[in-house]
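First up is the structure itself, then whatever we jot down about it.
Proteins come first, then strands; the chains are lettered A, B, ... in the order of their sequence lines, and each starts at number 1.
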Amino acid sequence: MRWMGRPATDTQISHGRRMWLYLYAAVILLFLVVPTLFVLPMSFSGARFLEFPPREWSLRWYEAYLGSATWMRATATSLIVAGLTMLAATGLGTLAAYGLVASRRKIGRAVFFVLLTPMIVPVILIAIGTYYAYAQLGLNNTIAGLVMVHTAIALPLVIVIVAAGLRTYDMTQEQVARSLGASRAQAFYLITLPQIRPSVLSAAVLSFLISFDEVVVASFVSGGANATLTKQMFDSLRDAIDPTIAAISTLITVFSFLIFLVMRMTLRRGDRSRRHNVGSGPS
Amino acid sequence: MIARQDHALRLKRAEAREKWALFGLVLPALLTVALVVLLPVSWLFYLSFLGEDGSFSLENYHRVIAQTSYHRVFVTTLQVSIATTLICMVLGYPLAYFLAQLPPGRAGFFLFVLLLPCLTSLLVRTYAWLVLLQNTGLINSVAIQAGLWETPVQLVYNFTGTLIGMVHIMLPFFVLPLYSAMTGIDRTLMAAAASLGAHPVAAFWRVFFPLSVPGVVAGALIVFVLSLGFYVTPAVLGGGRVIMIANLMTAILENRLDWGAASALGVVLLLVTVVCIVLVGRAFRTSATLFGRP
């Protein structure tokens, strides 16, 4: 325990005298992480009412979820909407980020700000506004309508991430490619895109998760046969504590983490292979 | 000579044309945002100024202000948002301080832990609190077994439950901007204070803390403004007893289809949001000029 006596900061305060800070930070980090973990054992409970620790174990809530046509349809809707949102937001967002960075127009700043508005406007306003607009256009309860809103909501993040990736990338490489006869599109596809791949990939994963988790807009704009999983969960949470939700929550959490891990692994593998091939990776 | 000038001009035009073409790549994204966010929200703006007879009027705003039953909603919204902000400040400042003092290699792990909840669905986290806080939930049963209280304490479907759920969601939004402001503070200032004989506690309060205030202000404003628009958490953990602006807007539409009143509430919410975001920008600029970072 000799480290406790060592100075922790420039003011020479020792680790021992800062123990309270470490404990405080640990407690707060636990407060952030632990509550969600309790859902896991709950989901395997055999009882009708949730108790901790469960007295008997069973898979009945997983069976209830997997055996319900409503839940299955909602899950399929959510996955389709999230997948389409990912494609649309990543595609449009990458194009926009590239256009903003490469064109170096003065109005780029203003346009960038406009593109960030979905992040600034309270989501309840977007929900009510689109609900009203879609009512006139007959787009409520359609997958296309929901994908459009989710794309707009995910766009700011995609643009910020991809633009950050482009800023560390040396655009003159494209000029080299073009002086060797590549068209602008070829230069982008063959030279630029592979090098900003990590940013594009992270943006894609995040936009998928944003759409998959989104509750407020979905609870207004989606419904009927095209109700999303989150809308269905939100509706049933307002009624009662249904243990089926514990099973769904566990599955969603595991699913989100798997996606995140796959992204991390892909990014790391990409990093390594690039370092092997080129010798020195981009900064 | 003329030919060369001509050539230069043509090149310049081609470059300008290409820049505009590149700029055109922004259009699809811009169109999407305009169609599903800007236009509908502007339409709500318009509706909020539309009177019963279809002419411009402020009667919706009048109604919103005059309706005494709405006053409680405004008060609740402010109470919940301010309480969430204050609790985040008390819990978050030491945590951000702890993170900012770590060597960069180790900070990464703790920042990941801080962001873990953000990877978990908001609904899942809300549900987890519902399960933990209910009368037969873990917290009540542990507290009763430990003799802290005898009968279950109502921790959910009320103000307390809403507050716990919101702090849990908002805390990373307070800690992250504060952490980034704190890592920008020149650490040699603390060493200088110590070498001039300041007690560590005095050095913290008189040197470090004042420099971290812009970060606190930015984080607090972000938490406050995001809290104002909360919908899901009060609806679930408040159990219909904690009604905030967003819940009221929904209720007005569900019960009376009164688009004017709901829009007026939305416009007020939007204005407060925009003001707070401008203030966040100010706070960050102050910290940037203080620490000389762009």
Under 4.5 Å from a heavy atom of chain A, the part of B:Leu44 involved: side chain
Chain A contact via B:Ile245 - side chain, backbone, both or neither, heavy atoms under 4.5 Å: neither
Contacting moiety of A:Tyr134, where chain B heavy atoms sit under 4.5 Å: side chain
CZ on A:Phe31 to CG on B:Leu171, rounded to 0.5 Å: 6.5 Å
Look at B:Val167, B:Thr126, B:Val274, B:Leu270 and state which one has the largest set of heavy-atom pairs under 4.5 Å with chain A. B:Leu270
Which residue out of B:Leu114, B:Leu265, B:Leu226 racks up the most heavy-atom pairs below 4.5 Å with chain A? B:Leu114
Compare every heavy atom of B:Val26 with every heavy atom of A:Ala96, then report the nearest pair and how far apart it is. O-CG2, 3.7 Å
Pick one of side chain, backbone, both or neither for B:Leu39, based on which atoms fall under 4.5 Å of a heavy atom in chain A. neither
Under the side chain to side chain contact (heavy atoms under 4.5 Å, CB included) criterion, do B:Leu130 and A:Leu237 qualify, and how do the steps go? CA-CA 9 Å; B:Leu130 201 59; A:Leu237 274 183; 3.9 Å; yes
Separation of A:His150 NE2 from B:Thr32 OG1 (nearest 0.5 Å): 14.0 Å
Does any heavy atom of chain A fall under 4.5 Å from the side chain of B:Ile277, the backbone, both, or neither of them? side chain
Counting only heavy atoms closer than 4.5 Å, note whether A:Ile252 contacts chain B via side chain, backbone, both or neither. side chain
Just distance, no hydrogens or angles: give the donor-acceptor pairs under 3.5 Å from side chains in residues 201-208 of chain B, sequence neighbours left out.
none

Interface check, chain A: of B:Val225, B:Val267, B:Val236, most non-hydrogen pairs under 4.5 Å belong to B:Val236
Which heavy-atom pair separates A:Pro35 from B:His168 by the least distance, and what is that distance? CG-NE2, 4.2 Å
For chain A, which candidate among B:Gly229, B:Pro94, B:Pro28 shows the most heavy-atom pairs at distances under 4.5 Å? B:Pro94
Taking non-hydrogen atoms and a cut-off under 4.5 angstrom, which of residues 255-262 of chain A neighbour chain B? A:Ser256, A:Phe257, A:Phe260
About how many Å separate CZ of A:Phe234 and OH of B:Tyr127, when rounded to the nearest 0.5 Å? 15.5 Å
Quick one: pull up OG in A:Ser249 and CG in B:Leu123 and give me the separation to the nearest 0.5 Å. 8.0 Å
Could you tell me which portion of A:Ser219 (side chain, backbone, both or neither) has an atom closer than 4.5 angstrom to a non-hydrogen atom of chain B? side chain
Applying a strict 4.5 Å limit to non-hydrogen atoms, the region of B:Leu189 in contact with chain A is neither
Stepwise, does the side chain to side chain contact (heavy atoms under 4.5 Å, CB included) test hold for B:Leu116 with A:Leu32? CA-CA 8 Å; B:Leu116 264 183; A:Leu32 282 173; over 6 Å; no
Output side-chain donor-acceptor pairs under 3.5 Å for residues 109-132 of chain A, partner residues at least two apart or in another chain, one line each.
from     : atom 1 : to       : atom 2 : distance (Å)
A:Thr117 : OG1    : A:Val114 : O      : 2.6
A:Thr130 : OG1    : A:Ile126 : O      : 2.6
A:Thr130 : OG1    : A:Ala127 : O      : 3.1

Cut-off 3.5 Å, no hydrogens considered: what does the side-chain donor-acceptor table look like for residues 21-30 of chain A, sequence neighbours left out?
from    : atom 1 : to      : atom 2 : distance (Å)
A:Tyr22 : OH     : A:His15 : ND1    : 2.8
A:Tyr24 : OH     : B:Val90 : O      : 3.1

With a 4.5 angstrom heavy-atom cut-off, is it the side chain or the backbone of B:Leu132 that approaches chain A, or both, or neither? side chain
Let me see the working for A:Arg184 and B:Leu22 under side chain to side chain contact (heavy atoms under 4.5 Å, CB included), right down to the final yes or no. CA-CA 10 Å; A:Arg184 182 121 212 171; B:Leu22 278 173; 3.7 Å; yes
Nearest 0.5 Å please: distance from the CG atom of B:Leu27 over to the CG atom of A:Leu92. 11.0 Å
Contacting moiety of B:Ser121, where chain A heavy atoms sit under 4.5 Å: both
Rounded to the nearest 0.5 Å, what separation is found between the CG atom of B:Leu119 and the CG atom of A:Asp213? 9.0 Å
Only pairs of heavy atoms separated by less than 4.5 Å count here; which of B:Phe230, B:Trp129, B:Trp20 has the most with chain A? B:Trp20
